[in-house]
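This chain uses plain numbering: 1 for the first residue, then up along the sequence. Small disclaimer: the values here were computed from a predicted structure and weren't measured. Numbering of ligands and ligand atoms starts at 1, following listing order.
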Amino acid sequence: MSKFNHSVKVPTQYKVAAKILRTALEKQKSIKSLIFEEKHARIGSLHAVLRIYSENRGAVDRAIEESGLLKENPKLDSILAKVLVTELIFGRGLLNGDSRPVQTVRTFKERLQQAISGTGFQKKELNPRYVRINTNLHSVPEALEYLARNEWRRKEFDSDISYADFLAAIRTLEENEFMMDLNVEGVLIFHHKTSHYWACHDLVKSKMFILQNKATCLAAELLAPPSGATVLDMCAAPGMKTLHISNVMKNQGRIYAVEQSKDRFKALCDITELAGCKIVNPILADALTIGPEQCPDVEYILVDPSCSGNGMQNRFKVCEEQKDDKRLFKLAGLQIKILSHAMSAFPNVKRIVYCTCSLWKEENEQVVQRCLQLNPSFKLLNCKKALRNKWTNVGDKEYVKIGKNCLYCLPDQDLTDGIFLAMFEKVNED
Ligand SMILES: C[S@@+](CC[C@H](N)C(=O)[O-])C[C@H]1O[C@@H](n2cnc3c(N)ncnc32)[C@H](O)[C@@H]1O
């Protein structure tokens, strides 16, 4: 007689997670939007198990294969098995209920663990949660006081700490601790397990704190417009970097924030208003049509154009993303047009920062190279030096005089999203 009670149902959260994962794998759809469409009440647990699968999918799949789980249980649904193994071995460490699939996977726990330990595999820890203080609405000391009152412990480090030691300190952050970032003022670093807490926080909803990955904060940090300057943000929506620039400028001066998409323009206006930006002048337009007539006296420009986005870590990946050469070629064409326009159309410009959330050279070093050829009155500044050398990853040195001056943020090494940055200065024509 079978030892399983067939009437016990698989818990809904596992069934729904398996349904989402199946659709994502078969139809190559985004897990994020599939979760969003799902009406299931426990979105948090769905999110967690699918996120852990996406981070560790190689190891999960290998463990299933090597333990013989599916070979010995041909009736076990292979996608449900991925979800259950993820939860049991990489996630919470236990499974709910006594349904047949759950019991089957439980009986394989040891074999699954052995299959993993034989490969020298280590569970991939998620990157920390970055929270930026919106200094339009409260100061850094006020924000720190708030955190202390709410029993958050600040993990301190020496001001001359090396970048490697700083990363090591982030890796050992406790769940009740936070650190100040080494590179960007006002960025706080929390354990990844606090992500949900911060996502629901009232002070995040009211824009006192901004959920913004540290890598994307480097754009305003490098652009560094002083208080009172005139800035053009050419691809501005939803406005995260516009807002950060206004913080850097202490909310004094002027920021022209250009966005061509109507829907995204509305988000830009809403966010910058709610976040207390007094100096943002939003413009609904194609940045290529904007010149000194609409935006006079521009001194600093941020170019953050549409890109492939393959560096973004909040994109759940359940299969390897294929490089799409045609799409990259098209994107790079637009990126070159916009950056080149920034370099040629504004006579008073002093500094330009170009950034993408792509790790492809076609959108990064190659765009920089082409724009320097087209605009010889610009030179690259060294991004790493601008961060007091407290950084490691730069561009590809095969691009002579280019690679070493650009910066990469790499998810596994810098514990951030994957971002590329380049900083240009207008050469004095005399
Ligand atoms: C990577 S997003 C910018 C993110 C934004 N800087 C932030 O930090 O929140 C690129 C934006 O550029 C806009 N865009 C693309 N081409 C544009 C153009 N020619 N003129 C104006 N906006 C453009 C897109 O609609 C998109 O909203």
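Looking at N136, its side chain does come within 3.5 Å of a backbone N or O of A275 through a donor-acceptor pair. Of the possible polar contacts, none joining the W360 side chain to the G309 backbone as a donor-acceptor pair under 3.5 Å is found. With hydrogens and angles ignored, the 3.5 Å screen pairs no side-chain donor or acceptor of K337 with any backbone N or O of L288.
A salt bridge between E362 and K323 is present, with a side-chain N of the basic residue lying under 4.0 Å from a carboxylate O of the acidic one.
Exactly one of R351, K350, R254 qualifies for a salt bridge (charged side-chain N to carboxylate O under 4.0 Å, His left out) with E299. That residue is K350.
Looking at residues two or more places apart in sequence or on another chain, you find no side chain to side chain contact (heavy atoms under 4.5 Å, CB included) involving L334.
For ligand 1, the protein residues placed under 4.0 Å by at least one non-hydrogen atom are M234, C235, A236, A237, P238, G239, M240, K241, E259, Q260, S261, R264, A285, D286, A287, D304, P305, S306, I338.
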